[in-house]
Amino acid sequence: MAGPAARLLRWFRAAARPFPWREPFPRDPYRTLVAEVMLQQTQAARVAPFYQRFLAAFPTLEALAAAPQEEVVRHFSGLGYYRRARLLHATCRTLLRRGGWPPPGELQSLEGLGSYTAAALAAFCFGGSEPPLDGNLLRIAARLLAHEAPLRAASLRRDAAALGRALYLEAGTPEVFEALMDLGAQVCRPVSPRCPDCPLKGSCRAFQLGEPQRFPTVPATRPVTSLLWVAVWIRSRSGAVLLQRRPPGELLAGLWLPPLRPVLPPAADPCAVARELARSLGFAGSLQALPAVRHSITYRRLTVVPFALGAEAPRVAEKREDQRWECPDTPGVPTSSLLSKLAAAAGQGASGGPPATTTPGDPP
DNA sequence: AACCCGGGGGT
DNA sequence: ACCCCAGGGTT
């Protein structure tokens, strides 16, 4: 073995990033499943701490399957794409019910496992040889072959799969798949690739053309839309904050956040909307505008203006299934990082600089 | 095939 | 400000 795969593996063994899911092959399928689901559309360095905490809470497939779904989602809080957690929970229950793992070729029938995750599990745990097609391999293939197409094009997927198979055939270990991912993350990066350091530059058409950046082509980006919301931040004497479960079908569905309401039209007065929201919850009293918080959800840019309820608020809200009091620092329910941003804004408003008494401006 | 979903890191 | 991330499900 002296071809590209050998150079790639040599580079990888010297430069590999240490990640907690990188155990010897074949790997434990449960832990690998957790890692691969978390890694979907999420940068590996960000996954690592979530992965460790998650496995400490759910060390085995049986432990995860026995837990309520909300507990599983709670351990995803801040990671995004929360449907992943619900589907992971469903898959673990499916596995327990059917008494074990299906044949590697049928992994994709499990909830939340698409072609990438099924191939990764098969390769890392069950001796599979089909390459997991992730964004890294697709980009590397586009450049090696000077394949001018968007990342998701079917033609590029075919070529990338063929490239992955050829490299696996030469290497004989699923380590090449991880090597490709690290190469894509560290060398063959989307912007400013480090071609001089690349172990595959000798076989790279894009490098020979001198324009690695041109591949793959970038699809038209969806325009970003701005939204303005208000939140009411209602604190109890013990420091708990009123949270509501986001309704299904809306953004951040199923997660627990302070009462939120869109400001429509965007030119409307956020303060009036917040007053009406507080009134609908049974709270009267003065509202204090806090510093606005920004939060991005795919192509939407949210500006959330929190309003703190004054001290004359009633102590209890109406008892509802979708409503509860939680400490914002250690919530016992699934939530989003938007909660900690709002908590930070409330903290600043209370102890930091001068409180905002005027209505904040519209979002950009 | 196109669209939707969280959140943040890197440039 | 912009890109995109170890994608999958739905329409």
Side-chain angles (χ1 to χ4, degrees), chain A residues 16-17 19-22 27 32-51 73 76-88 90-91 107-121 123-124 131-140 149-155 157 160 164 174 176-186 188-194 213 216-226 246 248-255 257 293-302 334-341 364:
Chain A
R17 301 171 296 173
F19 289 125
W21 50 85
R22 288 190 168 164
R27 292 180 183 160
T32 304
L33 172 66
V34 170
E36 293 303 339
V37 167
M38 288 186 170
L39 285 162
Q40 290 167 5
Q41 246 2 70
T42 307
Q43 294 188 342
R46 240 179 77 65
V47 165
F50 285 88
Y51 174 82
V73 180
F76 261 67
S77 294
L79 202 48
Y81 288 128
Y82 298 99
R83 185 171 51 177
R84 294 183 291 177
R86 302 185 181 106
L87 295 174
L88 171 63
T91 276
L107 286 168
Q108 208 173 329
S109 66
L110 295 168
E111 296 95 327
L113 274 70
S115 60
Y116 165 79
T117 310
L121 262 180
F124 297 149
L133 284 189
D134 71 328
N136 292 303
L137 178 48
L138 290 170
R139 183 174 56 258
I140 291 169
L151 214 55
R152 308 182 68 132
S155 60
R157 294 186 67 85
V176 278
F177 299 140
E178 261 179 342
L180 285 165
M181 297 178 200
D182 261 32
L183 189 73
Q186 302 193 80
C188 198
R189 303 179 293 188
V191 295
S192 52
R194 297 164 41 199
Q213 293 251 40
T217 59
V218 288
T221 63
R222 197 193 165 114
V224 175
T225 65
S226 292
R246 299 278 302 152
E250 297 196 11
L251 288 176
L252 304 169
L255 304 185
L257 288 164
V293 159
R294 294 204 202 293
H295 191 75
S296 292
I297 299 177
T298 53
Y299 59 89
R300 296 181 181 93
R301 186 180 309 277
L302 303 186
T335 187
S336 148
S337 61
L338 175 57
L339 177 63
S340 47
K341 292 181 189 176

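Residue numbers begin at 1 in each chain, while the letters A, B, ... track the order of the sequences.
- In this structure, A:Asp182 pairs ionically with A:Arg22, as a charged nitrogen and a carboxylate oxygen lie closer than 4.0 Å.
- For A:Thr335 (side chain) and A:Leu257 (main-chain N/O), no donor-acceptor pair under 3.5 Å exists by modelled atom type.
- For the P atom pair drawn from B:dT11 and C:dA6, the interatomic distance equals 13 Å after rounding to whole Å.
- Shown here for A:Val73 and A:Arg86, the closest heavy-atom pair between the two residues is CG2-CG, 3.7 Å.
- Contact annotation for A:Leu87: backbone-only contact, meaning every heavy-atom pair under 4.0 Å involves sugar-phosphate atoms and none involves a base.
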At under 4.0 Å between heavy atoms, which parts of nucleotides 5-11 of chain B does protein reach? Answer with one letter per nucleotide, 5' to 3': B base, S sugar-phosphate only, - none. BBBBS-S
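- A distance-only check finds no donor-acceptor pair linking the side chain of A:Arg301 to the backbone of A:His295 [under 3.5 Å].
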So A:Gln40 and A:Thr117, side chain to side chain donor-acceptor pair (under 3.5 Å) or not? Walk me through it. CA-CA 8 Å; A:Gln40 290 167 5; A:Thr117 310; 2.9 Å; yes
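- As rounded to the nearest Å, C:dT10 and B:dG6 have P atoms that lie 14 Å from one another.
- Looking at A:Ser337, its side chain never comes within 3.5 Å of a backbone N or O of A:Gly78 through a donor-acceptor pair.
- Base pairing annotation: B:dG10 forms a Watson-Crick or G-U wobble pair with C:dC2, both donor-acceptor distances under 3.5 Å.
- Counting any heavy atom pair closer than 4.0 Å across all strands shown, A:Phe50 reaches no nucleic acid atom.
- Residues A:Gln213 and A:Pro190 fail the side-chain proximity criterion, which asks for heavy atoms closer than 4.5 Å.
- When heavy atoms are screened at a 4.0 angstrom cut-off, A:Val47 is found touching no nucleic acid atom at all.
- At the heavy-atom level, A:Pro190 lies under 4.0 Å from the strands shown only through sugar-phosphate atoms.
- When DNA chain C is scanned 5' to 3' for any atom under 4.0 Å from a heavy atom of chain A, the first and last hits are C:dC3 to C:dG9.
- Taking for each of A:Gln108 and A:Val218 the nucleotide of DNA chain C with the nearest heavy atom, the 5'-most of the two is the partner of A:Val218.
- The two residues A:Met38 and A:Arg84 come nearest to each other via the heavy atoms O-NH1, 2.8 Å.
- Exactly one of A:Phe19, A:Phe76, A:Trp21 qualifies for a ring pair (Phe, Tyr, Trp, His ring centres under 6.0 Å) with A:Tyr51. That residue is A:Trp21.
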